Undergrad: 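There's a structure below that I have some questions on.
For clarity, every value in this text was computed on a predicted model and none was experimentally measured. Within every chain, numbering begins at 1; the chains are lettered A, B, ... in the order of the sequence lines, protein sequences first and strands thereafter.
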Amino acid sequence: MKIAKVIVDVPTMQTNTPYSYRIPNGLETQLKRGMRVVVPFGNGNRKVEGFVVDIEETDAKQSPQLKEIDRTMDLVPVLNDELIKLSKWLADKTYSFQISCLLTMLPNAMKAKYATYVKAIGPIDDEDISKKFKASDMIPFDSEHFDGPEMGKLAKLRKANKIKVVYKVQNEAKKKQETAVVNQINDFDGTQKQIRKNATAQLNLLEVLQKNPKQPLVQSHLVKDLGISNSAIKSFEKKNWLKKIQVEKYRDPYKHEIKVDQPKKLTKDQEDAVKEINRSIDSHQNDTYLLEGVTGSGKTEVYLQTIQRALDLKETALMLVPEISLTPQMVNRVKNRFGNQVAVIHSGLSTGEKYDEWRRINSGDARVVVGARSAVFAPLDNIGIIILDEEHDTSYKQDDNPRYHTRDVAIWRGKYHHCPVVLGSATPSLESRARAGKGVYKFLRLPKRINQKHLPEVSIVDMTQEEETHDGIFSGELLKAIDQRIDKNEQVVLMLNRRGFSSFLMCRDCGYVLKCPNCDISLTLHMDSHTMKCHYCGFEEPIPKYCPHCHSKNIRYFGTGTEKVEKQLHELLPKARVVRMDVDTTRKKGSHEKILHEFGDHHFDILLGTQMIAKGLDFPNVTLVGVLNADTGLDLPDFRSSERTFDLLTQVSGRAGRADKDGEVIIQTYNPENYVIQLAKHQDYEAFYQKEMQLRHLADYSPYFFTIKVSISSLNEKQAASEAYDVANYLKGSLNNKTIILGPTPRPIARMKRRYYFQIIIKYKRDLKLNQSLKHVLQVSQKEVRKGLRIGIDPEPVSFM
DNA sequence: AGCACGCCGACT
DNA sequence: GTCGGCGTGCTC
């Protein structure tokens, strides 16, 4: 007898294992590994979704009382063997549930929704309730249909067996359907004779059918593009010359004319890199390359040519990029090179569009996938090369469960497919650079910009020495430089480094700072909505006129937001046309592209924005980049804050002077002597790497030590604190004595969304007991978890806040 | 997660 | 004596 092993959608520690089910008659041949099924789980008639991860042959007597699978949700598997295997590995590695991993691999549209209904099964004496059941015997069980007291009555009715609760699993994914026609004619000449000579529409249709006798033709396409009338189609249908069917419709979010983009001639360095990577592709070597190339050195061309090699070998390619650099510029470049076999997945697509792209990959139609983090799970077969561009980018780490790093998944898949993985960056993460240094990764370098262009001139303005700084925002030097560019009809990019920084409201008399009632951070001023907002929980309130503490009127803003800078700019340089780009102005779909497009067309002189402008933009007319506050990210309680700041400054500097004009970069700072600022000025990655490695070595941080963050939170501060101490004590006793355990300490932002957070940092080099000990922690803290405690384990966290 | 079971205090 | 709170264990 065949049984199916199913991972059920019940994300708990105790159910994180496959359950066996009988396969119902008629499904034995159809059911495949990787399909989603609906299964009964627990008592009552609870139904949950699950994934078939295995199908096994068993003795009928060995598994006597198995429940039976209810139904399948798929006709074809939605996950292949590789991804099922990957989900298991990922769950183990990130201390998460396998079901969470399986679900993150699918596009959102395919995630099941559960609906709860109440069903009447006996006579109901309560009038209010029985009235409701007159209309229908199944009523959704929610607050819309039943108020508080009624819910209580329902509970009693259920006890008395008068009603029961029914669960339904609903599949959200709706394939868009459209009508198509399929030819039914065998004898075309004979048919033609039956059509009147002046019935041109029908003759046209016949001709089209004759050319495409086999495949379905989309009706709207026939009517709109080929000028065939609906009535002709109707009369053909009547005569049984064709039949109508419904076919899946693919939305095309990036519908654009595909221009042909030819491979470019390579520089010597590029050519060497391509050759080396191609050798790995050809021999199916699972090598990991670190491709370090300064901005403008032509990394993308290396990617495109190696992808071409994989395609030539009838293999597929996966290219990951940070979300923010998925600009149409970049996407079009890949699409122009490889045409319709490219699928693009990013957050700008609607749920349906993502689903369509996913299906194109799953069916094998798309053979090159370009996408952000989640695209690393693209269901490609036979991968020939995996590329991770800007590999140091922090958006590659997912910061909720499963807390995976895209780089780790990419490398895992590279091993599985025996194909090379290329990590590219101008400023590699220290971890990757160190591995390249040790020979774990193969090191490829593109030290020169193509066309012998030199890097832009970078100068530093010491803000402590500035006399007139206009609220500490603009130095005279920067203002003068901006003014000059505008006179020359050139453009300027200004970046406000907002990391660890925001504008807050403070009372000048008593020093009271307006804080979020749910979180331990100050509220941020938003001029557009005239409110104070919390960036963590979304709390919002009107801007107060009086200090809530001492009722003084002398309450004012501190700090600098993009809005304030914009206002300043208008006052100081009234002629400048400024466009602002930050989370507020890019919230709407497509607004990101719109702003960039308008700036590119020179409708504006100055692009003012936050971090999001640092990457991937390429505007030839930009000759000046100004960084307003280089150092605000430097003092954060995070050992990577120097690395981040260096990356950011280097990236944004690369925005200046990309075409024939030379660029200039002005960095304003209050710490001009800081090594990060100095080395960013010289854009000397190697020196920064050496220096930072020394510091990391002294402090026992990555890459010398691995880190794990355990965070424990609860609405009840005492509960969180005491559990945190218990966990830390347990770990201290069970782990290797070379492993360092820091904490527990309240987190830098100790309270968020009313929860109190404590964290423990584990630093280790090699600890065989670690995985097991942490799993044990999860296991024994279950009791507290029931009482509202949450415990999260984050391997290699990118944030310590 | 969602449910049943069982143990204990409070109440008709 | 039993109703209902909560702590605990189980789900193929």
Undergrad: Between N43(A) (CG) and dA1(B) (C1'), how many Å, whole number?
TA: 12 Å

Undergrad: Among W89(A), F377(A), Y95(A), find the residue that satisfies the ring-ring contact (aromatic ring centres under 6.0 Å, His included) test when tested with Y404(A).
TA: F377(A)

Undergrad: Who pairs with D81(A) by salt bridge (Lys or Arg N to Asp or Glu O under 4.0 Å), at least two apart in sequence or on another chain?
TA: R33(A)

Undergrad: On DNA chain C, which is the earliest and which the latest nucleotide, 5' to 3', with an atom closer than 4.0 Å to a heavy atom of chain A?
TA: dT8(C) to dC12(C)

Undergrad: Please work out which of the three classes, parallel, tilted or perpendicular, describes the rings of H776(A) and Y730(A), given edges at 30° and 60°.
TA: tilted

Undergrad: Classify the ring geometry between F41(A) and Y19(A) as parallel (under 30°), tilted (30 to 60°) or perpendicular (over 60°).
TA: perpendicular

Undergrad: Tell me whether the centres of the aromatic rings in F758(A) and Y725(A) are closer together than 6.0 Å.
TA: no

Undergrad: How long is the line joining CD1 of I99(A) and P of dG2(B), in whole Å?
TA: 15 Å

Undergrad: Using a 4.0 Å heavy-atom cut-off across all strands, classify Y21(A) as base, sugar-phosphate, or nothing.
TA: sugar-phosphate

Undergrad: For residues K763(A) and F705(A), report the shortest heavy-atom separation together with the two atoms involved.
TA: C-CD2, 3.7 Å

Undergrad: Would you mind classifying the nucleic acid contact of P40(A) as base, sugar-phosphate or nothing, using non-hydrogen atoms under 4.0 angstrom?
TA: sugar-phosphate

Undergrad: In whole angstroms, how far is the C1' atom of dA1(B) from the CZ atom of F97(A)?
TA: 11 Å

Undergrad: Name the nucleic acid region contacted by K5(A), choosing base, sugar-phosphate or nothing; use a 4.0 angstrom heavy-atom cut-off, strictly under.
TA: nothing

